[in-house]
Student: 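Input: one structure, supplied below.
Model, not experiment: these values are computed from the prediction. These values consider heavy atoms only, across backbone and side chains, with no hydrogens, waters or symmetry-generated copies.
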Protein chains: 2
Amino acid sequence: MPDNNDYKEVLTREGIKSTKHRKAILEILEMAETPLTVEEIFLTLKEKHASIWLSTVYRTLEILTSKDLVIKSTIMGDDKARYELNHNEHKHHVVCVGCHKRISFEDCPVNEFEKALKERMDFDVTAHKLEIYGYCKDCKFTK
Amino acid sequence: MPDNNDYKEVLTREGIKSTKHRKAILEILEMAETPLTVEEIFLTLKEKHASIWLSTVYRTLEILTSKDLVIKSTIMGDDKARYELNHNEHKHHVVCVGCHKRISFEDCPVNEFEKALKERMDFDVTAHKLEIYGYCKDCKFTK
DNA sequence: TCTCATTTGCAAATCGTTCGCATTTGCGTT
DNA sequence: AACGCAAATGCGAACGATTTGCAAATGAGA
């Protein structure tokens with residue numbers, strides 16, 4: 001992502017229009033510390049005095065996801081999708097069952113395992129998804 | 001699970017009524033090779049000439065899940081929940097992006113990693129979810 | 001400035017799932 | 001076997017997250 005947060009170039013490079021809603025949504029995701037729901041993004045846009053319809057947020061996120069600028073994820077037990085900026089890093093999340101905080105980590109225990117799968121199951125791995133649940137240091141004493 | 005597929009004892013042991021719908025759903029999940037959606041379960045019940053409402057299937061699955069007889073899961077990119085009989089085994093799924101076949105495996109590369117998380121992040125792990133995507137041996141040549 | 005394909009406003013529709021209430025059923029008790 | 005009653009199901013509506021349709025607005029190339 002460009003240092004000066006200029007998404008115009010990024011959007012143009014992907015062959016799509018650089019609209020104010022798209023840039024605003026990308027900025028909101030960049031500022032967010034954790035993946036956001038559509039409603040959270042929508043409300044943040046409203047706070048910034050932007051006029052936008054919820055269906056537009058959905059459409060915009062769908063376009064940005066299809067261009068790999070944004071990552072869409074759902075998490076076990078959560079029926080709402082969440083979105084985050086795609087930093088092109090390989091990372092996963094630890095999720096606290098108590099406070100629902102999500103902490104990302106980049107060490108991946110699955111990489112070596114994928115080679116074993118190719119050998120044992122004749123399976124060509126292209127991606128994986130890992131989520132780890134438990135209690136963070138703040139919540140482990142209140143469970 | 002009982003060898004003679006008699007779920008009456010299982011349901012009674014959990015303190016809930018042993019109804020024909022519940023036994024039928026447990027049997028369908030036992031016969032299934034992969035986790036099933038609510039609609040698939042509903043249609044299979046219909047094929048067996050059972051009269052049932054979709055809302056009853058949802059309620060029954062919710063009760064069976066709460067008693068740990070059934071496992072509910074969602075998978076990346078799939079907006080429908082899926083259900084499978086709980087064999088009390090620790091396993092994960094490899095999912096073929098081509099034919100959507102799901103193959104389970106029991107080796108788990110995450111177990112050792114959980115200890116590292118406790119040490120490094122002061123995080124008490126209680127569960128994890130792992131899905132691996134790619135192409136099975138039948139689809140790798142058509143991608 | 002003009003043009004036009006793309007995007008958004010606006011609102012309804014869809015889908016997966018849950019809820020409310022009347023009726024039926026499973027099962028413990030007699 | 002009959003009875004009673006709490007739980008389960010029939011029936012259909014409701015809910016929330018998401019998608020769709022169409023007219024109007026906008027971004028960007030010429």
Student: When the distance from CG of A:Leu45 to P of C:dG9 is rounded to whole Å, what number comes out?
Tutor: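 So the CG-P distance, A:Leu45 to C:dG9, works out to 10 Å.
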
Student: Any side-chain N or O of B:Trp53 less than 4.0 Å from the OP1 or OP2 oxygen of D:dT9?
Tutor: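 For D:dT9, OP1/OP2 do not have a side-chain N/O of B:Trp53 under 4.0 Å.
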
Student: Quick check on DNA chain D: between A:Leu54 and B:His21, whose nearest nucleotide comes earlier from the 5' end?
Tutor: B:His21

Student: Could you state the NZ-C1' distance from B:Lys23 to D:dA8, rounded to the nearest angstrom?
Tutor: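 It works out to 14 Å between those atoms.
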
Student: Would you mind reading off the distance between A:Lys17 atom NZ and C:dT3 atom C1', rounded to a whole angstrom?
Tutor: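 It is 11 Å, rounded to the nearest whole Å.
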
Student: Using only side-chain N and O atoms of A:Thr19, determine if any of them is under 4.0 Å from OP1 or OP2 of D:dG27.
Tutor: no

Student: At 4.0 Å (heavy atoms only), tell me whether A:Arg22 reaches a base, stays on the sugar-phosphate, or touches nothing.
Tutor: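 Contact class for A:Arg22: sugar-phosphate only.
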
Student: Between A:Lys115 and A:Glu119, does any side-chain N to carboxylate O distance fall below 4.0 Å?
Tutor: no

Student: Distance criterion of 3.5 Å, no angle test: do you see the side chain of B:Arg59 paired donor-to-acceptor with the base of C:dG20?
Tutor: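 Answer yes: a donor N or O sits under 3.5 Å from an acceptor.
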
Student: Using a cut-off of strictly less than 4.0 Å, decide whether B:Thr60 has a side-chain nitrogen or oxygen near OP1 or OP2 of D:dT9.
Tutor: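 Yes, such a contact exists.
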
Student: Just the rounded figure in Å: distance from C1' of C:dT17 to CG of A:Asp78.
Tutor: 15 Å

Student: Could you state the atom-to-atom distance from NZ of B:Lys20 to P of D:dG10 in whole Å?
Tutor: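 Distance, rounded to whole Å: 7 Å.
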
Student: With a 4.0 Å cut-off on heavy atoms, is B:Ile63 in touch with a base, just the backbone sugar-phosphate, or nothing at all?
Tutor: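 If one applies the 4.0 Å heavy-atom cut-off, B:Ile63 turns out to touch nothing in the nucleic acid.
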
Student: Separation of A:Leu64 atom CG from C:dT6 atom C1', in whole Å?
Tutor: 14 Å

Student: Would you state whether a donor and an acceptor, one from the side chain of B:Ser18 and one from the base of C:dC27, lie under 3.5 Å apart?
Tutor: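 A donor-acceptor contact between them is absent.
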
Student: Base, sugar-phosphate, or nothing: which does B:Lys80 touch, judged by heavy atoms less than 4.0 Å apart?
Tutor: sugar-phosphate

Student: Taking only N and O in the side chain of B:Tyr58, is any of them less than 4.0 Å away from OP1 or OP2 of C:dT17?
Tutor: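 For B:Tyr58, the contact criterion (side-chain N or O under 4.0 Å from OP1 or OP2 of C:dT17) is met.
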
Student: By nearest nucleotide on DNA chain C, pick out whichever of A:Gly15 and B:Val38 is the more 5' one.
Tutor: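 So the residue in question is A:Gly15.
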
Student: Flag the pair A:Asn86 / A:Leu69 as yes when at least one side-chain heavy-atom distance between them is below 4.5 Å, and no otherwise.
Tutor: no

Student: Without decimals, in angstroms, what is the distance between B:Lys46 NZ and D:dT9 C1'?
Tutor: 14 Å

Student: Mark yes or no for a side-chain to base donor-acceptor pair under 3.5 Å between A:Ser55 and C:dG9, with no hydrogen or angle criteria applied.
Tutor: no

Student: For a quick check, tell me whether the side chain of B:Thr56 and the base of D:dA8 share a donor-acceptor pair closer than 3.5 Å.
Tutor: no

Student: Rounded to the Å, how far apart are B:Glu14 CD and D:dA7 C1'?
Tutor: 16 Å

Student: Return the 5'-most residue of the pair A:Thr12, A:Tyr83 with respect to DNA chain D, ranking by each residue's nearest nucleotide.
Tutor: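 It is A:Tyr83, whose closest nucleotide lies nearer the 5' terminus.
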
Student: For the pair A:Arg13 and A:Glu9, find out whether any cationic side-chain nitrogen is under 4.0 Å from an anionic carboxylate oxygen.
Tutor: yes

Student: Are A:Lys91 and A:Glu84 ion-paired here, with the side-chain N under 4.0 Å from a carboxylate O?
Tutor: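 Result for this pair is yes, salt bridge flagged.
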
Student: Under a single-linkage rule joining Ile, Leu, Val, Met, Phe, Trp and Tyr whose side-chain heavy atoms are separated by less than 4.5 Å, which residues share a cluster with B:Phe123?
Tutor: A:Val94, A:Ile103, A:Phe105, A:Val110, A:Phe113, A:Leu117, A:Met121, A:Phe123, A:Val125, A:Leu130, A:Ile132, B:Val94, B:Ile103, B:Phe105, B:Val110, B:Phe113, B:Leu117, B:Met121, B:Val125, B:Leu130, B:Ile132

Student: Between B:Tyr7 and B:Glu27, is the side chain to side chain contact (heavy atoms under 4.5 Å, CB included) condition met? List the steps.
Tutor: CA-CA 8 Å; B:Tyr7 295 107; B:Glu27 279 168 19; 3.6 Å; yes

